[in-house]
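A short worksheet on the structure shown next.
Both ligands and their constituent atoms are indexed starting at 1 by order of listing. Numbers here simply count residues along the sequence, with the first being 1.
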Amino acid sequence: MTAKTLPVDTFDLVIFGGTGDLALRKLLPGLLRRYADGQIPEDSRILGVARDRQGDAEYRAKVGEALARVAAADETLQARLPAFLDKLGYLALDATKDEGWDEFATRLLATGERIRVFYLSTSPTLFVNICDRLRAHGLNTGNARVVIEKPIGHDSASAAVINDAVGGAFAESQIFRIDHYLGKETVQNLLALRFANILFEPLWNASRIDHVQITVAETVGLEKRAGYYDTSGALRDMVQNHLLQLLCMVAMEPPAALQADAVRDEKLKVLRSLKPIRGEDVAHLSVRGQYRAGASSGAAVPGYLEELGKPDSRTETFVALKAEVDNWRWAGVPFYLRTGKRLAERVSEIVIAFKQIPHSIFDDSAGPVMGNKLVLRLQPDEGVKLWLMIKDPGPGGLRLQHVPLDMSFAEAFGVHQPEAYERLLMDVVRGNQTLFMRRDEVEAAWAWIDPILSAWDNLRDAPKPYTAGSWGPSAAVALVERDGRTWHEDTV
Ligand code: BG6
């Protein structure tokens, strides 16, 4: 089966940071796939912008090398690669200097009025410069869109500065704040599952749901991002955006329609309903960890401090939190969140754990009756499992078993699961903001994160050590076990 794609309108896409890691690993491969799928019109153009001095040909050669690796196992991608590279151009520009901007504007405006996407895949410190210059050169036309990547600030105040600067040049309807987790197939499937089925919504509340778990575990360490990561840490890098966005998708009320503001209004209400974690509460509602030397994917790996070369860093590489959404639907239902680097496995999943049955008709010999669970696997092996109690097949008494009704998307649909950036980039061109964060969402998320950060600062204790390749500090296990619960483990 092949996925159906509708072509988007012709566009010019400018990637600031066009020689960077994100451009080469995610954006350009994603665009190549969309092009090979027939979604990008032939007269569209992609312009890489960075400080390095090089011409179009040199840039194409560099990108071509990176994309040849992406296309290695795919004949269609290989066949379309030369034509894709023809669409690429390059311009050397320094966002902090005037030089070159006239030429840049002339080159872009030469194609007349068309959709222009400015993707700021740069350090956030350049956002203000770039946006000011785009405005000064008349490039913030009605058909322009600007895409900004996280981190959008490191707290509420700095996020407001960035949002003001970008907002000074572009209207909110032109600003696309990307959270690539929202582009993952299974995250969008959560919308389908919740709102295209009658089964779940009546049960989707505190009277039927015991708790929710959201895990985003990674096996990688610093990956050459030490400079950024050490000033960020897991709470800012992952929880403020990805995990809170997932929480919103689980907890929001049904929007009236699948329209950008209808969805974002509902997510905002969730963020604003999060019960603050302040002062001494952090000690029993949060766990910070930092990995020590251990093993990852079978190989010995150094600890965070050695990898960083800075023995006194207190940056957390793991965080677990017990969050609560303080509203009518979710009163008393904990949302346990955890994320970390150098964990035992790369797995991202959302677990909806339902309450126990009120009364059991079965003898003890049948075994325990476990609560139903709905598990959405974001990656790898995208799919949905619904854990049910069934009778153990065969004669010899009635024994119960907890087994999953298992739907693997790869097996069910057999299509290539598009990478998050593929969908999101096409949504930007189409002007669809549903899967992007609005300014007030980003700020509400920071408003919940800020007090946790300052409470950690006041505690002045070091993050708890954990061995690389484990599931994080034992305190994270205790965080859920104190409530008589355990982290979900997939046993089938
Ligand atoms: C990024 C974080 O936003 O998400 C990284 O900055 C993290 O630290 C990455 O590794 C994880 O994304 P994915 O799609 O690989 O789960």
Hey, are the side chains of Lys269 and Met252 touching, using non-hydrogen atoms and a 4.5 Å cut-off? no

Which ligand 1 atoms, with their elements, are less than 4.0 angstrom from a heavy-atom of Lys150? 1 (C), 2 (C), 3 (O), 6 (O)

With Ser348, the side chain to side chain donor-acceptor pair (under 3.5 Å) member among His242, Gln379, Arg377: Gln379

Ser348 N/O under 3.5 Å from ligand 1 N/O: no

Which is it for Ile130 and Phe118 under the side chain to side chain contact (heavy atoms under 4.5 Å, CB included) test, yes or no, and what are the steps along the way? CA-CA 10 Å; Ile130 296 174; Phe118 300 103; over 6 Å; no

Could you tell me whether Lys224 and Asp21 make a salt bridge, using a distance below 4.0 angstrom between a side-chain N and a carboxylate O? no

Within a distance under 4.0 Å of any heavy atom of Lys341, pick out the atoms of ligand 1 and give their elements. 5 (C), 7 (C), 8 (O), 10 (O)

One finds that the ligand 1 atoms under 4.0 Å from a non-hydrogen atom of Lys184 are 13 (P), 14 (O), 16 (O)

Ligand-residue contact atoms, ligand 1 with His242, heavy atoms, under 4.0 Å: 1 (C), 3 (O), 4 (O)

Please determine if Lys184 forms a cation-pi arrangement with Tyr181, meaning its NZ or CZ atom is less than 6.0 Å from the six-membered ring centre and no more than 45° off the ring axis. yes

Compare His180, Lys26, Glu149 and give the one whose heavy atom is closest to atom 12 (O) of ligand 1. His180

Distance under 4.0 Å to a non-hydrogen atom of Asp237: what atoms of ligand 1 satisfy this? 2 (C), 5 (C), 6 (O), 8 (O)

What protein heavy atom sits nearest atom 16 (O) of ligand 1, and how far away is it? Tyr181 OH, 2.4 Å

Before accepting this row, confirm whether a basic side-chain N of the pair Lys26/Glu419 lies closer than 4.0 Å to the acidic partner's carboxylate O. yes

Could a heavy atom of Tyr229 be found less than 4.0 Å from some atom of ligand 1? no

Report yes if some heavy atom in the side chain of Lys341 is under 4.5 Å from a heavy atom in the side chain of Tyr304; otherwise report no. no

So Val319 and Thr339, side chain to side chain contact (heavy atoms under 4.5 Å, CB included) or not? Walk me through it. CA-CA 6 Å; Val319 58; Thr339 183; 3.7 Å; yes

Is Arg225 in polar range of ligand 1, meaning some N or O pair under 3.5 Å apart? yes

Check whether any side-chain heavy atom of Thr467 sits under 4.5 Å from a side-chain heavy atom of Arg292, and report yes or no. no

Close-contact set for ligand 1 against Gln379 heavy atoms, below 4.0 Å: 13 (P), 16 (O)

Which residue and heavy atom of the protein sit nearest atom 15 (O) of ligand 1, plus the separation: Arg346 NH2, 3.9 Å

So, is Glu218 polar-close to ligand 1, with some N/O to N/O distance under 3.5 Å? yes

